[in-house]
There are 2 protein chains.
Amino acid sequence: MSNDDQNGIDYSMLQSRLGYKLRRAQLVYFDVFFEACAQEGITPGLFSILAIIYHNPGLTQSAVSTALDVDRSAMVAAIDKLESMEVVERRKSKNDRRSYALYLTEKGKEFTERLNRKVSTGEDRFDKFMKEGEREWLLDLLDRIIENRKGN
Amino acid sequence: MSNDDQNGIDYSMLQSRLGYKLRRAQLVYFDVFFEACAQEGITPGLFSILAIIYHNPGLTQSAVSTALDVDRSAMVAAIDKLESMEVVERRKSKNDRRSYALYLTEKGKEFTERLNRKVSTGEDRFDKFMKEGEREWLLDLLDRIIENRKGN
DNA sequence: GGTTAAATGTTTGACTATCCAACAATTTAA
DNA sequence: TTAAATTGTTGGATAGTCAAACATTTAACC
């Protein structure tokens, strides 16, 4: 068996590195996303925010940031942009005057659904390289990795 | 079945998004790498460069950049740093006076091998969440995804 | 009830990664 | 021999991430 690619480069040391392979594969799916949503003016990060708010209306910015595991300071510009696109709106929370409750506008709901369909069909392109049930298996394995990141 | 995590957040729309899961899983392995190599003053990107040169001594900067699918302008600072760490050296190419041939120093070889062992054992931590043969299966599936990024 | 501690959104700055366009020197192709 | 392509490099633009600080507001506590 060979560790060379078509250019004759030996990848031995990276061949079994899951970190490297995951990164490369993630970049492939990033391209898929970009190809599907570039004209919508959206990024993967913004899509994940929309996806969270879609199923969890009324969440605060901090709640969304912890749900997606990003710093809450990064939410400011993101929500600003989504608000300028008129797909998300900040509503003043009644019981906590520090925070906002985030909601999708009607336009935002349709936008998110359309985006989800486009990304979904974009990802489907890779199903042909997977055997029966492999996609579900991959999702499950990735979940196991993600959930066990902290403890030993 | 529930799409909620422990915080009661509904992840429905991201639950089956391979792009999202791959990103999260990749971040987990990035942490593994960082935990294993932070004190060595190295990043995942620099490690991948060392890994390529280790098995392919004499490559030019451009060859390494195409092997790793990064812009060749990004190699300059990277090789500068690796040279300052005295693990890589640029040698003037005889047949092409434009380019350098890259080699690991003796220190660089030991450094790369030690790094590889540390990353490898770091990744082993996640084997306990995998069934027999799942790791090899995952690597194979990721390869299929990566190799088929371009064509349809 | 009054003081202390914590949370929220925000701004700012630093840092990194990535990409693209240019450029001089050099090699290759026509 | 002239034109086109390649190599390393620089600089600028962009985006993502992170930490520290701040005012406002809420929660905890004795």
Side-chain angles (χ1 to χ4, degrees), chain A residues 7 19-20 22-24 26-31 33-35 37-38 41-49 53 58-84 88-103, chain B residues 7 19-20 22-24 26-31 33-35 37-38 41-49 53 58-84 88-103:
Chain A
N7 299 322
Y20 176 74
L22 284 169
R23 188 179 112 87
R24 296 298 296 264
Q26 187 248 320
L27 288 178
V28 172
Y29 274 87
F30 188 94
D31 285 346
F33 186 97
F34 197 79
E35 179 182 320
C37 301
I42 211 84
T43 64
L46 293 177
F47 172 72
S48 65
I49 293 174
I53 302 177
L59 243 48
T60 65
Q61 292 184 194
S62 288
V64 175
S65 73
T66 60
L68 294 174
D69 211 31
V70 298
D71 197 274
R72 69 184 195 280
S73 66
M75 294 299 274
V76 181
I79 303 296
D80 282 351
K81 163 135 195 177
L82 294 174
E83 244 188 346
S84 76
V88 165
E89 61 176 354
R90 292 175 166 103
R91 297 185 197 163
K92 291 184 179 174
S93 177
K94 295 236 166 186
N95 30 348
D96 189 339
R97 293 189 304 180
R98 291 171 300 181
S99 61
Y100 297 108
L102 300 176
Y103 292 90
Chain B
N7 299 322
Y20 175 74
L22 284 169
R23 188 180 112 88
R24 296 298 296 264
Q26 186 247 320
L27 288 177
V28 171
Y29 274 87
F30 187 95
D31 285 346
F33 186 97
F34 197 79
E35 181 182 318
C37 302
I42 211 86
T43 64
L46 293 178
F47 172 73
S48 65
I49 292 173
I53 302 177
L59 281 185
T60 65
Q61 291 183 194
S62 288
V64 175
S65 73
T66 59
L68 294 174
D69 210 29
V70 298
D71 197 274
R72 69 184 195 277
S73 67
M75 295 298 272
V76 181
I79 303 296
D80 282 351
K81 164 134 195 177
L82 294 175
E83 244 188 347
S84 77
V88 165
E89 59 176 356
R90 291 177 167 102
R91 297 186 198 162
K92 290 184 180 175
S93 178
K94 295 236 168 187
N95 31 348
D96 190 338
R97 295 190 302 182
R98 290 172 301 180
S99 62
Y100 297 108
L102 300 175
Y103 293 89

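The chains referred to below are lettered A, B, ... by the order of the sequence lines, with proteins before strands, and numbering in each begins at 1.
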| field | Between CD1 on residue B/I49 and CG on residue B/L82, distance to nearest 0.5 Å | value | 6.0 Å
| query | To the nearest Å, how far apart are A/K92 NZ and C/dT10 P? | reply | 12 Å
| Nearest non-hydrogen partners of A/S62 and A/S65, listed with the distance | O-OG, 2.7 Å
| task | Write down the distance between CG (A/L68) and C1' (D/dT17), rounded to a whole number of angstrom. | result | 14 Å
| note | So CG of A/D71 and OG1 of A/T66: to nearest 0.5 Å the spacing works out to 11.0 Å
| query | Measuring from A/E83:CD to A/Y100:OH, what's the distance to the nearest 0.5 Å? | reply | 8.5 Å
| request: Output the single nucleotide from D/dT7, C/dT8, D/dT9 whose closest atom is nearest the side chain of A/S99. | output: C/dT8
| query | Over how many whole Å does the gap from A/Q26 atom CD to C/dT18 atom C1' extend? | reply | 13 Å
| d(CG, B/D69; C1', C/dC19) in whole Å | 12 Å
| Sub-4.0 Å heavy-atom contacts from residues 71-80 of chain B onto DNA chain D, ordered by number | B/R72, B/S73, B/V76
| message | Would you compute the distance between atom CG of B/D69 and atom OG of B/S48 and round it to the nearest 0.5 angstrom? | response | 11.0 Å
| query | At how many degrees, to 10°, do the end axes of the helix from C/dG1-D/dC30 to C/dA30-D/dT1 meet when each uses five pairs? | reply | 30°
| request: Would you tell me if any nitrogen or oxygen in the side chain of A/R90 comes within less than 4.0 Å of OP1 or OP2 on C/dT8? | output: no
| query | Once you round it to whole Å, what is the distance between P of C/dA17 and CZ of A/F30? | reply | 16 Å
| So do the side chains of A/F33 and A/I42 get within less than 4.5 Å of each other, counting heavy atoms only? | yes
| said: Is B/Q61 close enough to D/dT9 that one of its side-chain N or O atoms is under 4.0 Å from OP1 or OP2 there? | reply: yes
Below 3.5 Å is the cut-off: list the nitrogen or oxygen pairs between protein and nucleotides 25-30 of chain C, distance only.
unit_1, atom_1, unit_2, atom_2, d
C/dT27, OP1, B/R97, N, 3.0

| remark: Whole-Å distance, A/R24 CZ to C/dT18 P, equals 11 Å
| task | To the nearest 0.5 Å, tell me how far B/T60 OG1 sits from B/R90 CZ. | result | 11.5 Å
| task | Would you indicate whether A/F30, at its atom CZ, is surrounded by more than 12 heavy atoms from other residues, nucleotides or ligands within a distance under 6.0 Å? | result | no
| message | Without decimals, in angstroms, what is the distance between A/F34 CZ and C/dT18 C1'? | response | 13 Å
| query | Run the side-chain contact (heavy atoms from CB on, under 4.5 Å) check on A/V76 and A/D80 step by step: do they pass? | reply | CA-CA 6 Å; A/V76 181; A/D80 282 351; 3.9 Å; yes
| Distance from B/L27 atom CG to A/Q26 atom CD, nearest 0.5 Å? | 7.5 Å
| note | Closest non-hydrogen contact found for A/A67 with B/R24 is O-NH1, 4.0 Å
